[in-house]
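Given the structure is predicted, the values throughout are model-derived calculations rather than measurements. Throughout, protein chains are lettered first and strands after them, A, B, ... in sequence-line order, and every chain is numbered starting at 1.
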Protein chains: 2
Amino acid sequence: MGEHTGRFLIPQRAMLKAYLLSIIESQNLYGLEYRDFIRQEYREVGYRPNHSEIYKSLHELMEEGIVKQSKRKKEGKKLQEVVYYAIVDKNKANLYRKQVKVELERCEHLMKKAIAAVSTK
Amino acid sequence: MGEHTGRFLIPQRAMLKAYLLSIIESQNLYGLEYRDFIRQEYREVGYRPNHSEIYKSLHELMEEGIVKQSKRKKEGKKLQEVVYYAIVDKNKANLYRKQVKVELERCEHLMKKAIAAVSTK
DNA sequence: CCATGAACACGCTGTTCATCG
DNA sequence: CGATGAACAGCGTGTTCATGG
């Protein structure tokens with residue numbers, strides 16, 4: 001990930017990729033369902049990613065050899081092709097999640113400091 | 001500030017502007033000194049803003065009528081012109097800081113959720 | 001060389017457009 | 001119309017350039 005010093009906050013894409021990895025491990029969803037799931041989960045913090053970011057995140061994870069497009073099958077009732085994903089390199093996946101976590105913690109720390117600095121006494 | 005729903009994280013500029021306001025209140029610094037001060041304060045979280053962002057933040061605060069360029073004077077030993085700032089509208093300043101604080105807290109919340117989601121069990 | 005600005009360039013991300021069932 | 005994907009456009013920000021003490 002981009003470790004070029006001085007960066008302010010983590011790019012959305014990195015967070016999404018790591019998050020998608022954890023979702024892929026626990027649920028079987030396809031593209032737009034990931035988007036809706038995340039929107040639902042983060043509704044309270046007003047975060048609503050769009051479909052492009054989801055797709056681009058998934059594509060990058062694929063290019064990096066971390067996931068693969070698994071079942072290009074049709075859904076039960078609608079006869080529509082959808083793309084599911086599965087993890088192909090668990091080690092890479094966990095490593096990436098760990099790296100992003102470190103970066104997220106840095107951001108949390110930065111936010112805490114900023115909140116204190118900005119607060120009027 | 002930009003409250004268009006769906007935003008991921010706060011823009012650097014907003015955080016800087018609010019932070020600069022609190023610095024201006026407590027210390028007498030000029031442009032590059034703000035930069036160095038912030039770099040020092042945030043060294044532990046690896047945040048190193050560049051001079052352009054500082055200047056642009058200061059200029060915006062000026063255009064918004066929150067601060068003014070006060071003492072365009074020379075420093076003690078070096079005979080160099082520097083630009084100091086002072087708050088001209090304390091109400092606007094505090095309002096802005098409060099708004100940014102709310103947004104920073106939202107980001108902190110988001111980071112917490114993301115850290116939990118990304119963590120491998 | 002330090003300080004202030006402005007101009008420029010690039011990367012990230014949101015919006016649109018295209019294709020296919 | 002739902003789903004996937006790519007192309008396009010705008011904005012935020014980092015890098016460079018310009019001017020002046």
Side-chain angles (χ1 to χ4, degrees), chain A residues 1-17 19-20 28-39 46-63 67-85 103 107, chain B residues 1-17 20 28-39 46-63 67-85 100 103 107:
Chain A
M1 235 196 343
E3 233 54 71
H4 73 81
T5 55
R7 146 161 286 148
F8 180 52
L9 295 175
I10 191 173
Q12 180 183 185
R13 185 85 47 88
M15 177 274 198
L16 268 184
K17 284 164 70 180
Y19 189 20
L20 284 166
N28 216 30
L29 305 178
Y30 61 85
L32 289 191
E33 284 180 341
Y34 290 122
R35 182 199 60 181
D36 295 337
F37 176 80
I38 296 175
R39 284 185 176 181
Y47 174 47
R48 303 182 74 250
N50 57 33
H51 74 279
S52 285
E53 276 306 309
I54 304 294
Y55 286 131
K56 280 185 276 192
S57 300
L58 258 5
H59 297 344
E60 279 188 21
L61 288 171
M62 215 165 48
E63 290 163 14
V67 304
K68 70 164 193 253
Q69 296 189 331
S70 71
K71 323 170 191 170
R72 186 170 204 107
K73 294 200 318 184
K74 292 97 182 172
E75 267 294 280
K77 36 181 151 185
K78 328 155 198 165
L79 41 157
Q80 170 89 46
E81 273 201 341
V82 292
V83 181
Y84 292 88
Y85 287 86
E103 184 65 6
C107 293
Chain B
M1 232 197 342
E3 234 53 71
H4 72 84
T5 55
R7 145 160 285 146
F8 180 52
L9 294 175
I10 191 174
Q12 179 183 185
R13 185 84 47 88
M15 177 274 197
L16 269 184
K17 285 165 69 180
L20 284 166
N28 215 29
L29 304 178
Y30 62 84
L32 288 192
E33 284 181 342
Y34 290 122
R35 182 200 61 181
D36 296 337
F37 175 80
I38 296 174
R39 284 185 177 182
Y47 174 47
R48 303 182 73 253
N50 56 32
H51 75 279
S52 285
E53 276 306 308
I54 304 294
Y55 287 132
K56 280 185 278 190
S57 300
L58 259 3
H59 296 345
E60 279 189 21
L61 288 172
M62 215 166 47
E63 290 163 14
V67 303
K68 69 163 192 254
Q69 296 189 330
S70 71
K71 325 169 190 173
R72 185 170 205 107
K73 296 201 317 187
K74 292 97 182 172
E75 267 294 279
K77 36 181 152 186
K78 327 156 198 164
L79 41 158
Q80 169 90 47
E81 273 200 341
V82 291
V83 181
Y84 292 89
Y85 286 85
V100 168
E103 184 65 6
C107 293

Report task. Write down the atom of F8(B), the atom of P11(A), and the distance for their closest heavy-atom approach. Result -> CE2-C, 4.1 Å
Query raised in the report: When rounded to the nearest 0.5 angstrom, what distance separates NZ in K17(A) from CD in E53(A)?
Result: 11.0 Å
Query raised in the report: From E60(B) CD over to Y55(B) OH, what is the distance, rounded to the nearest 0.5 angstrom?
Result: 16.0 Å
Mind calculating the distance between [atom1] ([X]) and [atom2] ([N]) to the nearest angstrom?
X       : N       : atom1 : atom2 : result
M62(B)  : dG5(C)  : CE    : C1'   : 11 Å
K17(B)  : dT13(D) : NZ    : P     : 11 Å
R35(B)  : dT15(D) : CZ    : P     : 12 Å
D36(B)  : dA3(C)  : CG    : C1'   : 11 Å
I54(A)  : dA6(D)  : CD1   : P     : 16 Å
E103(B) : dG12(D) : CD    : P     : 13 Å
Y30(B)  : dC2(C)  : OH    : C1'   : 7 Å
N50(A)  : dA9(D)  : CG    : P     : 17 Å

Report task. Tell me which of F8(B) and L32(B) sits closer to the 5' end of DNA chain C, going by the nucleotide each one is nearest to. Result -> L32(B)
For [N], does either OP1 or OP2 sit under 4.0 Å from a side-chain N or O belonging to [X]?
X      : N       : value
Q69(A) : dA3(D)  : no
Y55(A) : dG5(D)  : no
Q12(A) : dG14(C) : yes

Requested in this report: Scan side-chain atoms only and decide if Q69(B) and Y84(B) contain a donor-acceptor pair under the 3.5 Å cut-off.
Outcome: no
Report task. May I ask you to check whether Y47(B) and Q12(B) show a side-chain donor-acceptor distance below 3.5 Å? Result -> yes
Query raised in the report: Is Y85(A) touching bases, backbone alone, or none of the nucleic acid, heavy atoms closer than 4.0 Å?
Result: sugar-phosphate
Query raised in the report: Has the side chain of H59(B) got a donor or acceptor that lies under 3.5 Å from a partner of the other kind on the base of dG5(C)?
Result: no
Query raised in the report: So does K56(B) reach the base of dG12(D) with its side chain, donor to acceptor, closer than 3.5 Å?
Result: no
Report task. Measure from the side-chain heavy atoms of H51(A) and tell me the nearest of dA3(C), dT16(C), dA6(C). Result -> dT16(C)
